[in-house]
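What follows is a short report on a single structure.
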Amino acid sequence: MAGIWLDVLDEIARTCREHGRGDLLQAVRQKRAQLLDPTLRVLVIGEPNQGKSQLVNAIVNAPVCPVGDGRTTVLPTVVQHAEVAAAAVVQVPPPTPGRSPGTALPGTVERTPVPVEQIPAGVAGSYGRRPGGGPAYVEIGLPRALLGAGLVLVDTPGADEIGTPAGVASVAALNRADAVLLVSDSTRELSVAELNVLLHVTRAHPNVLVVQTKIDLVPDWRAVAERNQRHLAEAGVPAALIPVSAALRLRAAAADDRDLNAESGFPALVARLHRDLAGKGDVLARATVGLAARTVVEQLAAPLRAELESQQAEEQSGPMSRLHAAQREVEELRRCSVRWQNTLNDEMADLLSDIEYDLRERTRQILREVDDAFDTADPLVAWDTFQEWLSRNLTEAAEANHEWLAQRCDFVARRVAGHFARYGYDVLPPWSMTVPEDLAGRTPEIEQPNVDRFTVSQKVITGMKGSYGGLLMFGLAMTLAGMPMINPVSIGAGALFGGKSIRDESKQLLRRRQATAKTAIQRHVDDYFVRVVKDCRDTTRQVQRMLRDHFAALTEELQEAIVQSLRTAKQAADTDAAARDQRQREIKLKMTRLAALYDQAQQLTAARPAAAPLEPRA
């Protein structure tokens, strides 16, 4: 069976080498050497004053560890077999790069021999330690049959917070433990710190025991043991619990009392240690390889899973996201092109309509004032003054209309440029539209229309026609009265009717002259309106073409840049996707191999029998 777990362990080492984890590879190699070593190294841990040192003394039946009188173990104490009792303080050089703590090159450790009888008192101090040196521990050799079978006991210093993983891990790495004994006395139940350290230790050691000491001092130690077993089960700690009494064990050894020794609970503990020692090359080795495989697989799989997650995150923020962004930019530019063209066409159509209406409204206002003026004024008298007024008002109307045209064109340019605001720079065309300076000189002068004049001869003829009717009408009337037809009354009536005819004819000629002037002015204003509207339309069309050409060129420039960006992003995305897919396949293949290695290692422990807790004889 040794060949099976050894092959699995070698496969774990090869996997560590393939993944470039030299630290794990070194740990696996140390584990391999440890499992091939026939000795069983037992690490004894626990809080202070729980009876760890007394437990070690009771197992080897020798006072090698300090107990009582306030003496505590401050250095790890390694108790192993020796033909002659001996002790020494061993100091390892400080760790250097490339070498893990607790290991040293051959011949580099410093050993200071110490008399065995001074160990219980000397371990509590700094005897044999050089200041500034590396970690130190006490090594004791005793001629004991149990130790000679291959058992090595390691007593550790007590810690106020044994739940700190760093302290336990450093001791475990130093002593390369095959089994761990957590010591807790019967005066109380297992603490939270002790349960935490048990959870930590069971992840690295398949063989963990809880030794409940001082059962001779607590009458109801069985109730405490039952509660401790429940705590272990609830916490999921796969550790057996063995109650013992070191005092009874030492007393039984001194008196050679087998019954007292059985009552101490140590036969169950020693039997368990013998069983573990005998099964180290099989059961314990397979369980250790299973745990080592789990630890290695977890540490190797964690960065692989993190890399897969990071690749998924990069897929959202890497080249693929830039490709999607470039595609969105292309689509947005297409929509922007449609929007600005529609805006330009709509605004220019509205501009033409508004400009024409504005000019029409201004000319209509002028015509209304002309009508009001020539309802009373005589074109023959006021024409020169009116001509100057009309020219000035038409010029002002054209200037105001052109100024509004310039403002509206600038507004249209800014409206169209607003569609390009997201591209982050000024896209207005370099142009300016102003009112023409010679607009007044371009206004045509209206010619005075031909109107009828009321000459003197026309007045005489009109007066004679009117007076003849009056003279005749009143003369005939007077003849009926017996008076002659030409008399002062008829002559006066003729003169009155002649004057009235002259005044009526004069008024009719004035109205004809006013109507003729209004018609001529209406025709002149209409011609002027058509000419100005034609200029405005031409100007508007030129501005529209200029804006169209400018923004079309800008769109082409942006499109070329965005298409180039899209092309670059697509190439980068394709390259990244290919590399990412290749890497994902490699990671999945490694994960599959790790899973297979883990399953292979777990099969080693599938048939491992469960360790039943042992209790001393009542």
Side-chain angles (χ1 to χ4, degrees), residues 39-82 85-90 114 116-124 136-159 162 168 171-172 174-186 201 205 207-216 242-254 261 264-274 276-277:
T39 61
L40 180 73
R41 301 180 67 86
V42 180
L43 183 67
V44 183
I45 62 175
E47 294 182 352
N49 302 320
Q50 298 298 306
K52 300 190 309 301
S53 300
Q54 187 74 332
L55 176 70
V56 174
N57 292 342
I59 292 176
V60 298
N61 193 21
V64 293
C65 296
V67 294
D69 297 333
R71 291 178 291 180
T72 60
T73 301
V74 296
L75 292 179
T77 303
V78 180
V79 181
Q80 58 190 3
H81 179 264
V89 175
V90 182
V114 179
V116 177
E117 60 275 8
Q118 295 183 6
I119 288 296
V123 172
Y137 63 94
V138 178
E139 188 176 83
I140 300 176
L142 295 176
R144 294 292 186 271
L146 182 61
L147 299 179
L151 181 65
V152 177
L153 299 175
V154 182
D155 185 19
T156 61
I162 65 171
V168 177
V171 176
L174 176 65
N175 296 279
R176 302 184 305 277
D178 296 309
V180 177
L181 303 183
L182 185 135
V183 180
S184 178
D185 62 30
S186 300
V201 170
H205 294 276
N207 191 15
V208 179
L209 292 177
V210 176
V211 180
Q212 181 176 321
T213 60
K214 303 180 182 180
I215 62 175
D216 56 310
I242 301 179
V244 297
S245 172
L248 294 181
R249 163 77 169 181
L250 293 173
R251 192 180 306 163
N261 182 53
S264 69
F266 270 83
L269 177 60
V270 173
R272 176 60 184 267
L273 295 177
H274 275 295
D276 292 341
L277 180 61

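In this chain, numbering begins with 1 at the start of the sequence shown.
Between S53 atom OG and D155 atom CG the span is 4.0 Å, to the nearest 0.5 Å. Atom-to-atom distance recorded for C65:SG and I59:CD1 is 10.0 Å, nearest 0.5 angstrom. In this structure, the separation between CG on L181 and CG on L273 is 6.0 Å, given to the nearest 0.5 Å. Note: L250 CG to S264 OG = 9.0 Å, rounded to the nearest 0.5 Å. To the nearest 0.5 Å, the span separating CG on L153 from CG on L55 amounts to 8.0 Å.
A side chain to side chain contact (heavy atoms under 4.5 Å, CB included) with Q50 holds for exactly one of V183, V211, I45; it is V183.
Among residue pairs with one or both ends in residues 54-63, none qualify as side-chain hydrogen bond (donor to acceptor under 3.5 Å, both in side chains); sequence neighbours excluded. Within the structure, the salt bridge (Lys or Arg N to Asp or Glu O under 4.0 Å) test picks out the following pairs touching residues 136-147 (sequence neighbours left out): R111-E139.
A 4.5 Å side-chain heavy-atom check between P157 and P76 finds at least one atom pair inside the cut-off. The side-chain heavy atoms of L147 and V79, taken from C-beta on, include a pair separated by under 4.5 Å. Using a 4.5 Å heavy-atom threshold, the side chains of V60 and L146 count as separate. Two residues are said to be in side-chain contact when any heavy atoms from C-beta on lie closer than 4.5 Å; P267 and N261 meet this criterion. Using a 4.5 Å heavy-atom threshold, the side chains of D178 and V152 count as separate. V42 places a side-chain heavy atom less than 4.5 Å from the side chain of L151. The closest side-chain heavy-atom distance from T77 to V56 is not below 4.5 Å. When side chains are defined from C-beta on, R249 does not count as touching V244, because their heavy atoms never get closer than 4.5 Å.
In this view, D185 and K214 satisfy the salt bridge (charged side-chain N to carboxylate O under 4.0 Å, His left out) rule, not counting sequence neighbours. For A85, the side chain to side chain contact (heavy atoms under 4.5 Å, CB included) partners two or more places apart in sequence, or in a different chain, are V116, L142, P143. Judged as a side chain to side chain donor-acceptor pair (under 3.5 Å), and not counting sequence neighbours, the contacts of S245 are D216. For L277, the side chain to side chain contact (heavy atoms under 4.5 Å, CB included) partners two or more places apart in sequence, or in a different chain, are L40, A149.
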>> Go through it in stages, so that I can follow the logic: the residues are Q212 and I242, the test is side-chain contact (heavy atoms from CB on, under 4.5 Å), and I'd like the CA-CA distance, side-chain angles, deciding distance and then a yes or no.
In response: CA-CA 6 Å; Q212 181 176 321; I242 301 179; over 6 Å; no
>> Evaluate T156 against K52 for side-chain contact (heavy atoms from CB on, under 4.5 Å), listing each step before the verdict.
In response: CA-CA 8 Å; T156 61; K52 300 190 309 301; 4.2 Å; yes
